[in-house]
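Here is the structure we will look at.
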Amino acid sequence: MSETPVRLDLSASTRGRRGKPPRHLADLSPDERAAAVRELGEPAFRAKQLGTHYFGHLTADPGQMTDLPQASRDRLVESLLPPLLRAQRTLTADGGTTVKTLWHLFDDARIESVLMRYPHRSTLCVSSQAGCGLACAFCATGRLGLLRNLSTAEILEQVREAGRALAAGEVPGGPTRLSNVVFMGMGEPLANYSTVIAAVRRLIAPPPEGFGLSARNITVSTVGMVPAMIRLADEGIPVTLALSLHAPDDALRSELVPVNTRWSVAETIDAARRYFDLTGRRVSIEYALIRDVNDQAWRADLLGELLTARGRGWVHANPIPLNPVPGSRWTASDPQVEAEFVARLRAHGIPTTVRDTRGSEIDGACGQLAADTAPATKGRAARAAVPAAAGATAGLGDETDDEEDR
Ligand code: SAH
């Protein structure tokens, strides 16, 4: 049944084969920033000014840094705010409120990010790696293999650019702020652990150290790397953890999510429960519903039993109608089958919200990010074949959590 060879590659060098991205402010600690500024012959307080522009005003444009002397601006920006992302192509959907951007990095590695604006929030889905080494059978990114880990600044530049575009009124609906970030783009965030944690810390620190987002509006989604999940719980940062489960039994999960051969379903759910115990944040269980593969009623019951066996009120479920991936025979479950799956989870007392398929017609939905430059393969017709679930309110990564401000 598995359509891709099982090949696990967790060992990207942190900076890629062709060297490091240029030095960037967002990669440096406050002390390192001050030191870097002094090395350029500038007073240390310029580091704070630069941080205010970058994290507070979302700009790396020297023309906007009018509180800095002209010569200093150019020197500081050239040395500490080099461009790391080049927009190669932008696709929009939903009247312009869903925007997928293909970025080229300094070494021509490619990544994608997807911005989704909703009435009361705006969510950016960021990439944490170029490609992915986890080889999940139904995921477009998984077919690429891992090219390299991104740097902290490469992750944060995706965020700054989205925040800037929203603040500048470039997304229909008037100027607004970026409120949510989900690590659900290309890559496995916990396989690039220290870089992702550094990025999360910068996301939540207030300017001039970071973007000042709320930790509870940040979601880290993992395929289930158990030791890293436990490490994340110990960090004491109350981000939301999402676990990509996709099957409640080891036999099937090992086919769909090959990393399951290392950490079993039981170990993975135990780690998710521990995350709740240590952070108080309800964990989200992601489950792509694949027709006749993992959508049987008995699997819904088994999932419900596994989750409730570890207590109540600690978890919610986020079934995702499978988004089509080129070259795969798999499709989303029938709507009635999906409804039955959801009803059974709810009957077990698991709050359950079907995620919408926003972005699917621009290959921008979950599991469709493959960073190719060909035009999107699907049009409205294909989207119609994957009906939006009744009552779906959540976007990519915005698992409905009733505590959440939306
Ligand atoms: N590597 C991380 C984050 C990226 S994927 C993870 O696995 O969690 C974000 C979510 O999209 C995951 O739950 C992933 O399993 C899911 N996904 C992947 N391919 C999909 C597809 N074709 N249709 C629907 N969801 C998919």
Side-chain angles (χ1 to χ4, degrees), residues 3-4 8-10 111-114 116 123-144 146 149-150 155 181-193 196 218-225 228-229 232 239-247 253 256-260 263 268 272 283-291 293-295 317-333 338 354-360 363-371 377-378 382-383 385-386 388-389 392 394-399:
E3 300 191 347
T4 42
L8 293 183
D9 177 6
L10 307 180
I111 56 159
E112 290 175 313
S113 52
V114 185
M116 289 152 288
T123 300
L124 183 70
C125 178
V126 294
S127 294
S128 56
Q129 300 182 310
C132 184
L134 278 301
C136 296
F138 51 87
C139 177
T141 309
R143 297 177 175 219
L144 300 174
L146 180 61
N149 283 332
L150 300 193
I155 294 170
V181 171
V182 297
F183 285 84
M184 295 190 180
M186 296 175 73
E188 164 56 36
L190 296 189
N192 187 11
Y193 187 88
V196 165
I218 297 170
T219 299
V220 174
S221 180
T222 180
V223 74
M225 303 186 71
M229 290 166 72
L232 182 66
V239 293
T240 299
L241 180 69
L243 169 62
S244 297
L245 199 64
H246 306 306
R253 189 166 192 267
L256 298 178
V257 182
V259 79
N260 192 71
W263 299 290
T268 308
V283 175
S284 168
I285 302 290
E286 299 166 279
Y287 198 107
L289 282 168
I290 313 173
R291 183 177 300 181
V293 173
N294 66 351
D295 60 358
N318 226 201
I320 314 166
L322 185 82
N323 290 305
V325 166
S328 170
R329 284 175 281 114
W330 289 340
T331 56
S333 303
E338 176 186 302
V354 177
R355 189 178 296 172
D356 76 16
T357 53
R358 194 148 170 179
S360 63
D363 290 348
C366 302
Q368 293 184 307
L369 301 185
T377 49
K378 285 163 278 297
R383 182 179 166 87
V386 186
L396 191 79
D398 267 338
E399 308 74 29

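For ligands, and for the atoms within them, numbers begin at 1 and follow the listed sequence. Heavy-atom basis, side chains included; hydrogens, waters and symmetry copies ignored.
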Checklist entry - Hey, which atoms in ligand 1 end up nearer than 4.0 Å to a heavy atom of Cys139? => result 18 (C), 19 (N)
Checklist entry - Between Val257 and ligand 1, which part of the residue brings a heavy atom under 4.0 Å of the ligand: side chain, backbone, both or neither? => result neither
Checklist entry - For atom 18 (C) of ligand 1, which protein heavy atom lies nearest, and how many Å away is it? => result Gly367 CA, 3.3 Å
Checklist entry - Under 3.5 Å, side chain of Ser127 to main-chain N/O of Met186, donor-acceptor pair present? => result yes
Item to check | Side chain Ser360, main chain Ala365, donor-acceptor under 3.5 Å | outcome: no
Checklist entry - Rounded to the nearest 0.5 Å, what separation is found between the CD1 atom of Ile155 and the CG atom of Asn192? => result 5.5 Å
Next on the checklist: Among all protein heavy atoms in this structure, tell me which lies nearest to atom 16 (C) of ligand 1, with the distance rounded to 0.1 Å.
Outcome noted: Cys366 CB, 4.0 Å
Next on the checklist: With respect to Arg355, determine whether any N or O atom, backbone or side chain, lies less than 3.5 Å from an N or O atom of ligand 1.
Outcome noted: no
Next on the checklist: Tell me the nearest of Met186, His246, Glu188, Gln129 to atom 14 (C) of ligand 1, using heavy-atom distances.
Outcome noted: His246
Checklist entry - Between Ile320 and ligand 1, which part of the residue brings a heavy atom under 4.0 Å of the ligand: side chain, backbone, both or neither? => result side chain
Checklist entry - Of the listed options (Ser244, Pro189, Ala288), which comes nearest to atom 7 (O) of ligand 1 when hydrogens are ignored and any heavy atom counts? => result Ser244
Next on the checklist: Under 4.0 Å from a heavy atom of Met184: which atoms of ligand 1 are those, numbered in the order shown and with their elements?
Outcome noted: 4 (C), 5 (S), 9 (C)
Next on the checklist: Within the structure provided, determine whether Cys125 and Val182 are in side-chain contact (heavy-atom separation under 4.5 Å).
Outcome noted: yes
Next on the checklist: Only heavy atoms of Val223, strictly under 4.0 Å: list the atoms of ligand 1 that pass.
Outcome noted: 6 (C), 7 (O), 8 (O)
Checklist outcome for this item: protein heavy-atom neighbour closest to atom 10 (C) of ligand 1 works out as Glu286 OE2, 3.6 Å
Checklist entry - Are any non-hydrogen side-chain atoms of Thr222 and Phe183 less than 4.5 angstrom apart? => result no
Next on the checklist: Tell me whether Gly185 reaches ligand 1 (any heavy atom closer than 4.0 angstrom to a ligand atom).
Outcome noted: yes
Item to check | Which of the ligand 1 atoms, numbered from 1, are nearer than 4.0 Å to a heavy atom of Thr222 | outcome: 6 (C), 8 (O)
Checklist entry - Where the closest heavy atom to atom 1 (N) of ligand 1 is concerned, which of Ser221, Cys132, Gly187 has it? => result Gly187
Checklist entry - When you measure from the side chain of Tyr193 to the backbone N and O of Leu232, does any donor-acceptor pair fall under 3.5 Å? => result yes
Checklist entry - Which atoms from ligand 1 have a heavy atom of Asn323 less than 4.0 Å away? => result 21 (C), 22 (N), 23 (N), 24 (C)
Checklist entry - With respect to atom 22 (N) of ligand 1, which of Phe138, Phe183, Trp330, Tyr287 exhibits the smallest heavy-atom separation? => result Phe138
Checklist entry - Taking Ser328 for the side chain and Val325 for the main chain, is one N or O donor matched with an acceptor at less than 3.5 Å? => result no
Item to check | Gly187 versus Thr141, closest heavy-atom pair with distance | outcome: N-CG2, 3.9 Å
Checklist entry - For ligand 1, which atoms sit closer than 4.0 Å to a heavy atom of Val325? => result 22 (N)
Checklist entry - Under 3.5 Å, is there a donor-acceptor pair between the side chain of Asn294 and the main chain of His246? => result yes
Next on the checklist: With a 4.5 Å cut-off on side-chain heavy atoms, are Gln368 and Pro326 touching?
Outcome noted: no
Next on the checklist: Using a 3.5 Å cut-off on N or O atoms only, is Leu322 in polar contact with ligand 1?
Outcome noted: no
Checklist entry - Is the backbone N or O of Leu134 less than 3.5 Å from a side-chain atom of Glu188, with the two atoms forming a donor-acceptor pair by type? => result no
